[in-house]
There are 2 protein chains.
Amino acid sequence: MSLETPRVSSSAEEYLLTLYRLETSNERAGSSQLAKMFGVKAPSVTGMLRRLGERGWVRYQRYRPPELTDEGRRIAVRLVRRHRLLETFLVQFLDYSWDEVHEEVQQLEHTVSEKLLERIDIKLGRPRYDPHGDPIPGQDGRLPSHRLIPLTRLQEGGRAQVSRVDNRSRHLLTVLGEIGAYPGTSVTRLRTRRNGQLSLRVGRREIQLDGDIARLIWVKPNRAPVAMQARERGM
Amino acid sequence: MSLETPRVSSSAEEYLLTLYRLETSNERAGSSQLAKMFGVKAPSVTGMLRRLGERGWVRYQRYRPPELTDEGRRIAVRLVRRHRLLETFLVQFLDYSWDEVHEEVQQLEHTVSEKLLERIDIKLGRPRYDPHGDPIPGQDGRLPSHRLIPLTRLQEGGRAQVSRVDNRSRHLLTVLGEIGAYPGTSVTRLRTRRNGQLSLRVGRREIQLDGDIARLIWVKPNRAPVAMQARERGM
DNA sequence: CGCTAAAGTTAGGCTTGTCGAACTTAGCAT
DNA sequence: ATGCTAAGTTCGACAAGCCTAACTTTAGCG
């Protein structure tokens, strides 16, 4: 019920956000894995999950991986919005590069007021995607959706637009930054040279990428793109 | 010694900052007054002062008003820098008005990284004064100094530049904002009409101010400004 | 299908920061 | 000079987060 902002601590917010990210990528993590992500020890995680459970933000039973409640998810989505708007702002207005922006925002996202966030949103022209191509939830929590395929599923000779780059690999971001392959860039997939490697034309340059790197790049094909779309969920 | 940033909590920072502000305006406050300022009860203040004392940031003896150590003052000045840079940024880049900016920055100043602060400083062109005309300390902690007199000491007929406006009165800021009397504006003092009131010409407008309001406005006289400069410290 | 190693939890302790209730001190006013 | 009141402190308690050490549960492997 509470439309009042119900005082969520920074740590609690960080937990909910992480749980949400895991949920959307269909992963699940136990206490010790979460512990690693937060840089704390496992018992701290158990304790926090218990408290989050008491507040109704997480469904938690001992020895089971935790799940967000609707309320918890709502808080998390609000945070995703903050996070992505702030990233966009830092990149566009303060010359941050897309591979250094995450850490900074990690701090800020818990502190920035609704008012400031709104001004930033306005200043940016209410963007719908962040610098990595991730969709920015609206104030109502709705996400703009787009149908994308991983670069690895683009047929040889196919042309597509880079639309989203998984931001969990700084290495990938740096590499793509160097060749200027930001969301919006057009690429053409060339004949594959050797196994595992994948060739691309970006502008007038030609580059090779490892398969497991290429899988982190999502593209919007220009037309009739893909052989076996049915199996996409599988991976 | 420690050039390492020595982990100061947000609350501790807020205390040091407040103590510094009191110090520079020659006031001193006891526990219960501090308590009111922080929205906390007196015992909490005593506890915090004790901890700040243990860390060597404050000289504190029971029943005496606390004093900053050099180390404590250094931390405070760093915060003043953050605070004023952030205020300037919000006003110049995010359309904040100078009377609403303080609250926002109160949160942010403890969270923003050195890196972000540096980018903001660059973006602003390394400003030396904030929107209220308060000097922004450099990275070395030095404050640009300027000789100013309160508007009340400007002689009748005298012309001067508004240079600093005490930002502790939102009311004053709102009033001055309406007439556009920001730092940099030229004003002329007219003959005083009645006791306590003070007449000004700002642009082609003429306004009256109460004396205790006018005392919060600091100006740089254009020439041969003032009758009895000797007593300035007294008030 | 039971055993064991890994994963997870409980117990107990520490720090920061908060509070209310009860006590002490300072300093003014007679 | 003394005594009273307001300001300040101490005490004990609590919540959030974190830790280590010791325990329990799960689940995979033989």
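Because only heavy atoms are used, hydrogens play no part in the values below, and waters and symmetry mates are left out as well, while side chains stay in. Every chain is numbered from 1 and lettered A, B, ... according to where its sequence line falls, protein lines coming before strand lines.
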**Student:** Side-chain N or O of B:Thr46 versus OP1/OP2 of D:dT10: is the shortest distance under 4.0 Å?
**Tutor:**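 So the side chain of B:Thr46 is outside the cut-off, no N or O lying under 4.0 Å from OP1 or OP2 of D:dT10.
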**Student:** Hey, are A:Asp70 and A:Arg73 close enough for a salt bridge, meaning a charged N less than 4.0 Å from a carboxylate O?
**Tutor:**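 Here A:Asp70 pairs with A:Arg73 in a salt bridge, since their nearest N and O are under 4.0 Å apart.
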**Student:** Quick one: are the ring centres of A:Trp57 and A:Tyr15 less than 6.0 Å apart?
**Tutor:**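 That pair fails the under 6.0 Å test.
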**Student:** What nitrogen or oxygen pairs link the protein and nucleotides 25-29 of chain C at under 3.5 Å?
**Tutor:**
none

**Student:** Let me have the donor-acceptor pairs involving side chains of residues 86-95 of chain B, under 3.5 Å, with sequence neighbours excluded, atom names and distances please.
**Tutor:**
from, atom 1, to, atom 2, distance (Å)
B:Glu87, OE1, B:His132, ND1, 3.2
B:Glu87, OE2, B:His83, NE2, 2.8
B:Glu87, OE2, B:His102, ND1, 3.4
B:Thr88, OG1, B:Arg84, O, 2.6

**Student:** Between atom NE2 in B:His110 and atom C1' in C:dG17, what is the gap in whole Å?
**Tutor:**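 Between C1' of C:dG17 and NE2 of B:His110: 15 Å.
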**Student:** Does anything in residues 28-52 of chain A pair up under salt bridge (Lys or Arg N to Asp or Glu O under 4.0 Å), and if so which pairs, sequence neighbours excluded?
**Tutor:**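 Residue pairs passing salt bridge (Lys or Arg N to Asp or Glu O under 4.0 Å), neighbours aside: A:Arg50-A:Glu54.
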**Student:** Who are the salt bridge (charged side-chain N to carboxylate O under 4.0 Å, His left out) partners of A:Arg55, not counting sequence neighbours?
**Tutor:**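 By the salt bridge (charged side-chain N to carboxylate O under 4.0 Å, His left out) rule, A:Arg55 matches no residue at all.
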**Student:** May I have the distance from B:Arg7 (atom CZ) to C:dG17 (atom P), rounded to whole angstrom?
**Tutor:**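 B:Arg7 atom CZ is separated from C:dG17 atom P by 12 Å.
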**Student:** Tell me whether the guanidinium CZ or amine NZ of A:Arg119 lies under 6.0 angstrom from the six-membered ring centre of B:Tyr96 and within 45° of its axis.
**Tutor:**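 Yes, A:Arg119 lies over the aromatic ring of B:Tyr96.
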**Student:** Rounding to a whole Å, what distance do you find between A:Arg28:CZ and C:dG8:C1'?
**Tutor:**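 It is 16 Å, rounded to the nearest whole Å.
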**Student:** Quick one: what's the B/S/- string for nucleotides 14-23 of chain D, heavy-atom cutoff under 4.0 Å, read 5' to 3'?
**Tutor:** --SBSBBB--
**Student:** Can you tell me the distance, in whole Å, between the CD atom of B:Gln61 and the C1' atom of D:dT10?
**Tutor:**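 Checked: the CD to C1' distance equals 18 Å.
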**Student:** Given atom NZ of B:Lys36 and atom P of D:dA6, what is their separation to the nearest angstrom?
**Tutor:**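 The distance from NZ of B:Lys36 to P of D:dA6 comes to 12 Å, rounded to the nearest Å.
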**Student:** Can you tell me if A:Ser32 touches the phosphate of C:dG8, counting only side-chain N or O atoms and a distance under 4.0 Å to OP1 or OP2?
**Tutor:**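 For C:dG8, OP1/OP2 do have a side-chain N/O of A:Ser32 under 4.0 Å.
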**Student:** Nearest whole angstrom, please: distance from the C1' of D:dA7 to the CG of B:Leu49.
**Tutor:**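 Value for this atom pair: 14 Å.
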**Student:** Return all side-chain donor-acceptor pairs below 3.5 angstrom for residues 139-151 of chain B, not counting sequence neighbours, or 'none' if the list is empty.
**Tutor:**
from, atom 1, to, atom 2, distance (Å)
B:Gln139, NE2, B:Glu118, OE1, 3.1
B:Asp140, OD1, B:Arg142, N, 3.0

**Student:** For B:Gly47, report the nucleic acid contact type (base, sugar-phosphate, nothing); a contact means any heavy atom under 4.0 Å.
**Tutor:**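 Touches nothing.
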**Student:** Name the nucleic acid region contacted by B:Tyr60, choosing base, sugar-phosphate or nothing; use a 4.0 angstrom heavy-atom cut-off, strictly under.
**Tutor:**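 Sugar-phosphate, no base atom in range.
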**Student:** Looking at B:Arg78 and B:Glu13, is any side-chain nitrogen of the basic one under 4.0 Å from a carboxylate oxygen of the acidic one?
**Tutor:**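 So B:Glu13 does not pair with B:Arg78 through a salt bridge.
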**Student:** Salt bridge between A:Arg82 and A:Glu114, side-chain N to carboxylate O under 4.0 Å?
**Tutor:**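 Judged by the 4.0 Å cut-off on N to carboxylate O distance, A:Arg82 and A:Glu114 do form a salt bridge.
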